[in-house]
Protein chains: 2
Amino acid sequence: MMRHDLLIHDEQLCKQRGVRLTCQRRRVLKIIMQSPLPVGAYDILQKMDPPAAPPTVYRALDFLLQQGLIHRLATLQAYLVCEHPDASHQSQFLICSECGQVEEMEDSNIQKSLDLAASQAGFSCSNEVVEIMGRCVQCAGEGH
Amino acid sequence: MMRHDLLIHDEQLCKQRGVRLTCQRRRVLKIIMQSPLPVGAYDILQKMDPPAAPPTVYRALDFLLQQGLIHRLATLQAYLVCEHPDASHQSQFLICSECGQVEEMEDSNIQKSLDLAASQAGFSCSNEVVEIMGRCVQCAGEGH
DNA sequence: CAATGTAATGTTATAATGTAACAATTATTG
DNA sequence: CAATAATTGTTACATTATAACATTACATTG
Ligand SMILES: [Zn+2]
Ligand SMILES: [Zn+2]
Ligand SMILES: [Zn+2]
Ligand SMILES: [Zn+2]
């Protein structure tokens, strides 16, 4: 279920940026990529083979977040790959409470409405968290 | 700095709804109201006098959240009073990274854009988390 | 290459947030 | 009052994340 092309893409991206996608960082990234659902830091930790300690995982996560290769869901305290890691972007997430699937959106209308409301309040945004919980189209289709 | 009228309002609201704003729940609510900034569960715990154990605080928080008397900020893992607890509502929060102040908004444009994007994806929302980090108008004004 | 400085990792311990499970108590109802 | 339900007390533990310091790998430059 992993997209190998995405990993290669991320590697090239890091090379272009002059940052190092080291062994540990790549291992963590691969674990996240191989998961069909967002994974917690300790889920990743368990899948580390050979084993690792929490700081190793969290450092890798920090790096991957900084490089925009993954996102963190604040409501789930879990991590998932970014599908469009080329440019820095603000995403919105649709999180299905039933199957756990998450869809990453980049909706410009949402973006505009957020920026407008913030600027009207004199607020200058640095980061926007939008996480919508509910039922995805598949789960909603399967009856109540 | 606490709004006593809000506490009275919340008490009446609970009475109307036939739910019990018990002693422990009121103590937790008052602690949150008295704090100028969002408070963590363990901050509340420390302020409980006479002392209490974590489950006591979390149960009270669960109740207050269910009744809509407080909100939880997923990004901060902290709690703050709702200023308009009368009707169930979706809020958006402006969180200042500098001073920690949080402003609760109920922006209908944001609401609409979220609902539209979700429905276009066939997604039925149950709960929406919108937390915008940045600098508030005061802190942005104070130079650099 | 050797010396040096920087970046990354290893390791141990601990902090911070939240919950499970069951007993005891209090409030409500018939 | 007896029975029931709701709330609270208590202990222990689960989960998520970080601090602090030692060690290793990498890069730079003389
Ligand atoms: Zn993305
Ligand atoms: Zn689903
Ligand atoms: Zn509110
Ligand atoms: Zn501020």
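First the proteins, then the strands, lettered A, B, ... as listed; each starts at 1.
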field: Straight-line distance of A:H89 NE2 to A:E106 CD, nearest 0.5 Å
entry: 4.5 Å
- prompt: What string of B, S and - do you get for nucleotides 14-24 of chain C 5' to 3' if you count protein non-hydrogen atoms under 4.0 Å?
  reply: ---BBBBBB--
- prompt: Between C:dT25 atom P and B:R20 atom CZ, what is the distance in whole Å?
  reply: 17 Å
task: Might you work through the side chain to side chain donor-acceptor pair (under 3.5 Å) test for A:Q24 and A:T56, ending with a clear yes or no?
output: CA-CA 8 Å; A:Q24 299 287 48; A:T56 299; 4.7 Å; no
query: Using a cut-off of less than 4.0 Å, is there contact between a side-chain N or O of A:T22 and OP1 or OP2 of D:dA25?
result: no
- prompt: Could you give the CD-to-P distance, from A:Q67 to C:dA7, as a whole number of Å?
  reply: 14 Å
field: Nucleotide C:dT9, atom P - distance to CZ of A:F63 in whole Å
entry: 9 Å
- line: Taken to the nearest 0.5 Å, the spacing of B:R135 CZ from B:S97 OG works out to 9.0 Å
task: Please report, rounded to the nearest Å, how far the P atom of D:dA6 is from the CD atom of B:Q24.
output: 19 Å
task: Could you give me the CA-CA distance, side-chain angles and deciding distance for A:D10 and A:M33, then say whether side-chain contact (heavy atoms from CB on, under 4.5 Å) is met?
output: CA-CA 11 Å; A:D10 286 351; A:M33 283 184 173; 3.2 Å; yes
side-chain contact (heavy atoms from CB on, under 4.5 Å) between A:Y79 and A:L65, worked out: CA-CA 9 Å; A:Y79 305 83; A:L65 286 168; 4.2 Å; yes
field: For atom CG of B:L21 and atom C1' of D:dT8, their distance in whole Å
entry: 15 Å
message: Let me confirm one number: the CG-CG distance from A:D107 to A:L94, rounded to the nearest 0.5 Å.
response: 9.5 Å
query: Rounded to the nearest Å, what distance is computed from the CG atom of residue A:L45 to the C1' atom of nucleotide C:dT12?
result: 14 Å
